[in-house]
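In what follows, a structure is listed as structure tokens, so that the remarks can point back to it.
Predicted model, so just to flag it, every value in this text is computed and none were measured. Naming convention: chains lettered A, B, ... in sequence-line order (proteins, then strands); numbering from 1 in each chain.
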Number of protein chains: 2
Amino acid sequence: MHDTLIAYINNALGKTLSEKDEHLLESVFKPKKLRKHQYMLQEGEVCRFAGFIVRGACKQYTVDKSGKENIIGLFIEHWWVGDRESFMTGTPSPYNIEAVEDVEVLLAGREDFLNTLSRQPFINEMMNVLTEKHSFHLIKRVHAAHTLTAEERYHDLHKKYPEFFQRFPQHIIASYLGMTKETLSRIRAGSGKK
Amino acid sequence: MHDTLIAYINNALGKTLSEKDEHLLESVFKPKKLRKHQYMLQEGEVCRFAGFIVRGACKQYTVDKSGKENIIGLFIEHWWVGDRESFMTGTPSPYNIEAVEDVEVLLAGREDFLNTLSRQPFINEMMNVLTEKHSFHLIKRVHAAHTLTAEERYHDLHKKYPEFFQRFPQHIIASYLGMTKETLSRIRAGSGKK
DNA sequence: GAAAAGCGTTGATCTACATCAACGCTTTTT
DNA sequence: AAAAAGCGTTGATGTAGATCAACGCTTTTC
């Protein structure tokens, strides 16, 4: 099960990890299985893990007073999952993270992460590059939310992550895009064909 | 003029830089003055600098087909400015960055930044922490754009960056918040008093 | 110091998208 | 095998906020 993570990191770094590094990863990342609908994290808890998804899919969301879910992140295999801010600062997370399919994850706890992983220069470097890429992606999402129509946001996502439409039900994708399921349905029915 | 940057870094690191480090910063960061309305970066150019604002204020924005500005970032003294993605990847920036007041900046070029600065462990570490914080901030902006009303977004900004309302004209702040100047004006007139 | 540009405000109208509601189909639960 | 929950669709109606337009005030320009 750690093979996937090791292959991922080899690929990200463009080199092959030593046996020693591989063993370190195996000792730090604990495998965990979650069934569909199980929570990885609940609103109000401190996030105590950094997770790498080996198989399955998750959603990250808040719930407003009227009970509506607002999806803010979607994650599938080979993505990192967790509330990084809560994890790093030790403050309670405002988010829920829940399995949308059965999930296998590798979890690193806070101490292992800070004391062991982030002291490995190459892994630390990789994390920094990922954080930076993530922030590039987020700027685009802010800009998109301010300037694009619902239809344009749909097309962008369809182009960038076509696999999402196979993996997540439509009402989840709609929320992730900041629109209702009815609006997304109408977009797909109508001028949905770009 | 480098004093401001050195004080900023000392503060961020919680320690005092050596004379040697100070000289390094002085040799890498070149001071530049810009007058109100001057561009630091124009749409389509590659961003070739990482900038630290010593005095003044800037806006970062795109312009749509109808000529409307969409403000995506606002920066004042002691903030970093530039298009990090363009800077790191060498791709043309979609953004304009323009002085809103007369500005003094310290600019580090790409080579100096990569070869010199990011090899100083402490400075590199500081940059990584800032990038991480920035990404925490961006997630909140995405979530706010999807879930909050115009009025709620206004109150949030007013609470978080009250100084913006002294520094930037209202139509710029409105655009940064993803609303029109008319809407912001009505919010402030009406239930503007939270 | 006259003209022009920039800024904020207010009113009237328009529209993209949300909300509410009902229905059929499929999947899951028991 | 029946009941219930989840999902996508379609129609009718509502609304937050955009757009368009006009007006005063201040600041900048020449």
State, with a plain yes or no, whether a side-chain heavy atom of A:Val103 is found less than 4.5 Å away from one of A:Lys33.
no

Which is the 5'-most and which the 3'-most nucleotide of DNA chain D that has an atom under 4.0 Å from a heavy atom of chain B?
D:dG17 to D:dA21

Anything under 30° is parallel, anything over 60° is perpendicular, the rest tilted; go ahead and classify B:His78 against B:Phe52.
parallel

By the rule that ILVMFWY residues connect when side-chain heavy atoms come within less than 4.5 angstrom, directly or transitively, which residues belong alongside B:Ile72?
A:Ile72, A:Tyr95, A:Leu138, A:Ile139, A:Val142, B:Tyr95, B:Leu138, B:Ile139, B:Val142

Using side-chain hydrogen bond (donor to acceptor under 3.5 Å, both in side chains) as the criterion, list what pairs up with B:Thr131, not counting sequence neighbours.
B:Arg84

Beyond-backbone contact of A:Tyr154 with A:Thr183, side-chain heavy atoms, under 4.5 angstrom
no

Under a side-chain separation threshold of 4.5 Å, the hydrophobic residues clustered together with A:Val129 are none

On DNA chain D, more 5' by nearest nucleotide between B:Lys36 and A:Lys36 is A:Lys36

Could you tell me if the ring centre of A:Phe165 sits under 6.0 Å from that of A:His158?
yes

Classify every nucleotide of nucleotides 12-19 of chain C by which part a protein heavy atom approaches to under 4.0 Å, writing B for the base, S for the sugar-phosphate alone and - for neither, in 5'-to-3' order.
B----SSB

Can you pull out every salt bridge (Lys or Arg N to Asp or Glu O under 4.0 Å) where at least one residue sits in residues 105-127 of chain B? Sequence neighbours excluded, please.
none

